[in-house]
Novice: 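Following this message is one structure expressed as structure tokens.
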Protein chains: 2
Amino acid sequence: MAKVDIIQIAKELNISKSTVSRAFRDSSDINPKTKERILKLAKELNYQPNYYASNLKEQKSKTIAVVLPELANNYFTQIIQGAERVAKEQGYHILIFVTDDDITKEREFIRSLASGRVDGVIMSASGESTDHSYLESINYEHLPIVLFDRIYDDIELPKIVTDDYQSSFMATEHLIQSGCQRIAYFVINKDLSIGKTRLQGYEDALKKYKIPLRKRLIVDCSNSYEENNVIIETAIEKQKPDGILASVERLAFSTYYVCQRIGVKIPEDIKIIAFSSLEIAGLLQPGLSVVRQPAIQIGEKAASTLLKQLSGEELLDDEMFVTMQSDLVIRDSSKG
Amino acid sequence: MAKVDIIQIAKELNISKSTVSRAFRDSSDINPKTKERILKLAKELNYQPNYYASNLKEQKSKTIAVVLPELANNYFTQIIQGAERVAKEQGYHILIFVTDDDITKEREFIRSLASGRVDGVIMSASGESTDHSYLESINYEHLPIVLFDRIYDDIELPKIVTDDYQSSFMATEHLIQSGCQRIAYFVINKDLSIGKTRLQGYEDALKKYKIPLRKRLIVDCSNSYEENNVIIETAIEKQKPDGILASVERLAFSTYYVCQRIGVKIPEDIKIIAFSSLEIAGLLQPGLSVVRQPAIQIGEKAASTLLKQLSGEELLDDEMFVTMQSDLVIRDSSKG
DNA sequence: TTGTACGCGTTATCAC
DNA sequence: GTGATAACGCGTACAA
């Protein structure tokens, strides 16, 4: 079976292709009978309108791009879940782009998306807070973008974030109240907007309790699992922290493994709390205290904000910057 | 800035649009100088070739669809990871379709994809092993499909699976050797190919050890978290199993929670082992024994098999049905 | 109600 | 080396 197109159907029915075309569009007036004949034959022939021809004509793709730094992270896969759900409801589809934390790829992706391939983008940024000037040249009329989580502060785009500063402050405060004095902050890239904000919360909490800030306790980790094991083990042995705030979920997991291996007990020797949206954090040994970000809802919100723009509506002021509430869930890993 | 197209560039440079077009294609012969002028202006104007026009012309989209039953599952998000990596390497992109375990949606997706929107599909099936006749009408010349994990047995398509029967057998055997006599099998849909195969392994292992098969111990769970809690709690209290084989990761998690709540101890009272590709299964309390499926590799393999077809190569016989090895990882949850 | 003719933005095949 | 021109498949004024 060769691909069937509108013309073939037209020929077979001895009508013009415009009539056939009309049969598939709801509104147009067309004789119900001919319409039926057309639809019947179309079904028989297994006709599918050519996606690219339609889109070329319509200048719409009903597709949105989700640009993420990585996939090996619960948080981002939950984002996809949320975004996919909302998108599907409105007949949109999801195209995934993973930058591997590489701003160059991010730029290439966004550039190429300006080709009209997608109707809009939701993105969690990969770059440091600088070096995103490339976004200046994007025409947001043609390609609306919504940022979430890892945002670029100084770009005027709708943003969905969590109350990172507040959460970080509270988590640190909680560790202090559990008796910690040497609290380490584990982060992957402290120059990213998100690492920075959380760092600020951490620092301010220390300040409030008059605990000196020690630079050595701010531990810059890497994206490599193996490297992190070394970095974290070294940090624990050299800096002897009695509390850890992990700004990324998997740094907490690595810490668990390291502690298991070197015989450090959680929470007796070290208490730990992490930013994480893992549902089963409570099943860990010991149960992991977390700042639980509402990842799925963030994904939903980002998508629905984008879709609202795509539908032509103006965003209200309070939709331009949305803060979602995280929960502080205390479990055994940080008990005093 | 309005969208710039090839014609605009042509006008501005007083040349024809065909020349401009040539500047962007590698091979064509064109005066290096004009080419340079064109590229320079294109950059200035931020020109991006229209994706749909190109695709319409080329009949290629450099995009593959990933059709999945659900996203709320480590296994499938790892599949995406693997597929995305391979696809990206070859300049392909990933379009995500989630069927929510609904065969109707699956059918609609596949149908609509026949529009040429994607160059190929990798899919884990949602339907029961029957009722997939819709696939018969697909022209695989135009839309190659690779099945993985949850396959349709009787369709002639490339398939990537894990050694589910073998793994299930070994896992059950392990429970028996750990002293279990009343082993329950937790499954979500035992009519799906995958649930069936695993069930077979379970049954055969029981047979080998002359343990009677009790229908009540085969527990059909649901997709709802709340319902599962009830189902599982009831099963544990009524059927008093001393061992559990969970064919789906999250049934093990629910079991952990239920046991925690009703005071049943793992592994003293009940031993458990689950199909799961969760990296941190070892951090659970107690460490969860698993059949670890190489999810990322399966995703990679499915994608690379598809891409091979797309490149025009014939698949070898042994590429039409690939079995990937799962590992049996024994931890405390099933220790005797 | 239906058909004609053109445009969407590219690429490819010709001529020149 | 470059420029017309015809596809690709669909949707839609406009005319009939």
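We name chains A, B, ... by the order of the sequence lines, and we start the count at 1 in each one.
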Novice: Does the distance from a Lys or Arg side-chain N to an Asp or Glu carboxylate O, for B:Lys105 and B:Asp100, drop under 4.0 Å?
Specialist: yes

Novice: Restricting to nitrogen or oxygen on both sides, can you table the protein-nucleotides 13-16 of chain C pairs closer than 3.5 Å?
Specialist:
none

Novice: Between B:Glu36 and B:Lys40, does at least one N-O distance fall below 4.0 Å, as a salt bridge requires?
Specialist: no

Novice: Rounding to an integer number of Å, can you tell me how far B:Leu13 CG sits from D:dG1 P?
Specialist: 18 Å

Novice: Tell whether A:Lys17 reaches the base of D:dG11 with its side chain through a donor-acceptor pair below 3.5 angstrom.
Specialist: yes

Novice: Base, sugar-phosphate or nothing for B:Tyr47? Non-hydrogen atoms, less than 4.0 Å.
Specialist: sugar-phosphate

Novice: Whole Å only: how far is the CG atom of A:Asn50 from the P atom of D:dC10?
Specialist: 6 Å

Novice: So what does A:Ile15 touch, heavy atoms closer than 4.0 Å: a base, only the sugar-phosphate, or nothing?
Specialist: sugar-phosphate

Novice: Any pair with a residue in residues 107-116 of chain A that passes side-chain hydrogen bond (donor to acceptor under 3.5 Å, both in side chains), sequence neighbours left out, goes on the list, sorted by first then second residue, please.
Specialist: none

Novice: Are any of B:Gln59's side-chain N or O atoms less than 4.0 Å away from OP1 or OP2 of D:dG9?
Specialist: yes

Novice: Heavy atoms only, 4.0 Å cut-off, all strands: where does A:Ile6 land among base, sugar-phosphate and nothing?
Specialist: sugar-phosphate

Novice: For A:Ser304, give me all partners under side-chain contact (heavy atoms from CB on, under 4.5 Å), at least two apart in sequence or on another chain.
Specialist: A:Val86, A:Lys301

Novice: Distance check: side-chain N/O of B:Thr19 vs OP1/OP2 of D:dG3, anything under 4.0 Å?
Specialist: yes

Novice: In whole Å, what is the span from the CD1 atom of B:Ile7 to the C1' atom of D:dG3?
Specialist: 13 Å

Novice: What is the separation between atom NZ on A:Lys11 and atom C1' on C:dG3, rounded to the nearest whole Å?
Specialist: 16 Å

Novice: Taking all atoms of both residues into account, what is the closest heavy-atom pair of B:Ala302 and B:Ile122, and its distance?
Specialist: O-CG2, 3.7 Å

Novice: Does the plane of the ring in A:His93 sit parallel, tilted or perpendicular to the ring in B:Phe97? Use 30° and 60° as the thresholds.
Specialist: tilted

Novice: Are A:Asp5 and A:Lys17 within salt-bridge range, i.e. N to O under 4.0 Å?
Specialist: no

Novice: Check whether any side-chain N or O of B:Thr34 sits under 4.0 Å from OP1 or OP2 of D:dT2, and answer yes or no.
Specialist: yes

Novice: Do the side-chain N or O atoms of B:Tyr52 get closer than 4.0 angstrom to the phosphate oxygens (OP1, OP2) of C:dG7?
Specialist: no

Novice: Taking only residues two or more places apart in sequence or in another chain, which ones pass salt bridge (Lys or Arg N to Asp or Glu O under 4.0 Å) with B:Glu12?
Specialist: none

Novice: Tell me the interatomic distance from A:Asp5, atom CG, to D:dG11, atom C1', rounded to whole angstroms.
Specialist: 14 Å

Novice: Where does the angle between the aromatic ring planes of A:Phe148 and A:Tyr75 fall among parallel (under 30°), tilted (30 to 60°) and perpendicular (over 60°)?
Specialist: tilted

Novice: For the pair made of CD1 in A:Ile9 and P in D:dG9, what is the distance, rounded to whole Å?
Specialist: 13 Å

Novice: Between atom CD in A:Gln8 and atom P in D:dC10, what is the gap in whole Å?
Specialist: 10 Å

Novice: Considering only D:dG9, C:dA12, D:dG3, which nucleotide approaches the side chain of B:Leu56 most closely?
Specialist: D:dG9

Novice: So, are A:Lys159 and A:Asp149 salt-bridged, with charged N and O less than 4.0 Å apart?
Specialist: no

Novice: Can you check whether any acceptor in the base of D:dA7 is under 3.5 Å from a donor in the side chain of B:Lys57, or vice versa?
Specialist: yes

Novice: Would you work out how much the helix from C:dT1-D:dA16 to C:dC16-D:dG1 bends between its ends, with each end axis defined by five base pairs, to 10 degrees?
Specialist: 40°

Novice: Quick one: A:Glu58 CD to C:dG7 P, roughly how many Å, whole number?
Specialist: 18 Å

Novice: Output all residues satisfying ring-ring contact (aromatic ring centres under 6.0 Å, His included) with A:Phe76, sequence neighbours left out; order by chain, then residue number.
Specialist: none

Novice: Checking all strands, does A:Ser21 fall into the base, sugar-phosphate, or nothing category for heavy-atom contacts under 4.0 angstrom?
Specialist: base

Novice: For C:dT10, does OP1 or OP2 lie under 4.0 Å from any side-chain N or O of B:Ser54?
Specialist: no

Novice: Closest to the A:Ala53 side chain: D:dG9, C:dG9, D:dG1?
Specialist: D:dG9

